[in-house]
Amino acid sequence: MTTMWRHMTGAERILEVLLTRRSVSPRRLQSPGPNPDELDAIIQAGLRAPDHGGLHPWRVIEFRPQNREALAWCFEQEKLRRDPLASPTDLRRAREHATRPPLLLGFVVSPRERSKIPAREQWLGAGAALGNLLAAAHQLGYGAIVLSGERCFDETLVRQVGVQPGEYLAGFISMGTIREAPPQARETLSQDVWSCWQGDLLPGAAGDASGDGDQSIRPSERVRGS
């Protein structure tokens, strides 16, 4: 990325770091994880995410080391509810999901039901906050990942970890020092998600829907860098 800007400013260097963010599996993490001050800064970054109405429709649950064995038992029991014939290896892996990460958080979406802000916007706000948490961890030099899966929909487990009625357990965030770099990311072009609206579907516009058919912008017609 260093060739993107010939003379990088401080802000551009920050962006360069952000462009290297990757999800890092818990098996590639080791201690130490973020300390309390760093975790507070990470959460503050989440609170700076776009948030229509300032509702903060999310929260995090920290699972501290002294409680990880209890959480591991919960994970093991959830696995057995889902698969009564789970092998010892499967149960060991379920327990490791609770005990392996140096820092483990539960990310909970808490929509405000009586708010004028639509639920979908609250979910978008929670997602933006989650992205900020991961980006902040990366900026501090830590690896992080969010893992969800079927256990997040288990009513017993959700209740055991303190999720309240009307809330949703979106996933578990693992953070720690990167022990082993993850595989190189598959490069995705900006043009895969970037198009420009031409306005030619409006009534009366040249080539509108009443004229010569579909005028949607094909990938090859997307405007690059303008």
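Computed from heavy atoms alone, side chains included, the values below leave out hydrogens, waters and symmetry copies.
- Between the side chains of Thr177 and Gln30, no donor-acceptor pair is found at a separation under 3.5 Å.
- In this structure Asn67 satisfies the side chain to side chain contact (heavy atoms under 4.5 Å, CB included) test with no other residue, sequence neighbours excluded.
- Residues Arg21 and Ser23 meet the side-chain proximity criterion, which asks for heavy atoms closer than 4.5 Å.
- Annotation for Leu157 and Cys74: closest pair CD1-CB, 3.7 Å, computed over non-hydrogen atoms.
- In this structure Arg100 satisfies the salt bridge (charged side-chain N to carboxylate O under 4.0 Å, His left out) test together with Glu96, sequence neighbours excluded.
- Nearest heavy atom pair, residue Glu38 against residue Asn35, reads N-OD1, 2.8 Å.
- For the residue pair His97/Ser174, the side-chain donor-acceptor check at 3.5 Å is not satisfied.
- Annotation: side chain to side chain contact (heavy atoms under 4.5 Å, CB included) contacts of Arg82 (sequence neighbours excluded): Glu78, Lys79, Glu150.
- By the 4.5 Å side-chain criterion applied to Ile, Leu, Val, Met, Phe, Trp and Tyr, Leu105 is assigned to a cluster that also includes Leu39, Ile42, Ile43, Leu47, Trp58, Val60, Leu103, Phe107, Val109, Trp123, Leu130, Leu133, Leu134, Leu140, Tyr142, Val146, Tyr168, Ile173, Met175.
- Of the inter-residue distances, the one linking Cys152 atom SG with Leu169 atom CG reads 4.0 Å to the nearest 0.5 angstrom.
- Through side-chain heavy atoms spaced under 4.5 Å, either directly or across other Ile, Leu, Val, Met, Phe, Trp or Tyr residues, Ile145 is tied to Leu147.
- Atom CD of Gln66 sits in a crowded spot, with more than 12 heavy atoms from other residues, nucleotides or ligands closer than 6.0 Å.
- Partners of Arg120 by salt bridge (charged side-chain N to carboxylate O under 4.0 Å, His left out), not counting sequence neighbours: none found.
- Scored by the salt bridge (charged side-chain N to carboxylate O under 4.0 Å, His left out) test, Arg112 finds no partners at all (sequence neighbours excluded).
- The side chain to side chain contact (heavy atoms under 4.5 Å, CB included) search around Arg68 returns Phe63, Thr99, Pro101, Leu104, not counting sequence neighbours.
- Evaluation of the side-chain hydrogen bond (donor to acceptor under 3.5 Å, both in side chains) test over residues 47-57, restricted to residues two or more places apart or in two chains, returns Gln44-Arg48, Asp51-His56, His52-Glu121.
- Grouping Ile, Leu, Val, Met, Phe, Trp and Tyr by side-chain contacts under 4.5 Å, direct or through others, leaves Trp73 on its own.
- Considering every non-hydrogen atom in both Gly166 and Pro111, the closest pair reads O-CD, 3.6 Å.
- Nearest heavy-atom pair, Ala45 versus Ala136, reported as atom, atom and distance to 0.1 Å: CB-CB, 3.6 Å.
- Nearest heavy atom pair, residue Thr20 against residue His138, reads OG1-NE2, 3.0 Å.
- Cluster note: Leu29 groups with Val24, Ile178 through ILVMFWY side-chain heavy atoms spaced under 4.5 Å, whether in direct contact or through intervening members.
- Pairing each heavy atom of Pro183 with each of Arg28, the nearest pair is CD-NH2, 3.7 Å.
- In this structure Ser31 satisfies the side chain to side chain contact (heavy atoms under 4.5 Å, CB included) test together with Pro102, sequence neighbours excluded.
- To the nearest 0.5 angstrom, Gln160 atom CD is 8.5 Å from Gln77 atom CD.
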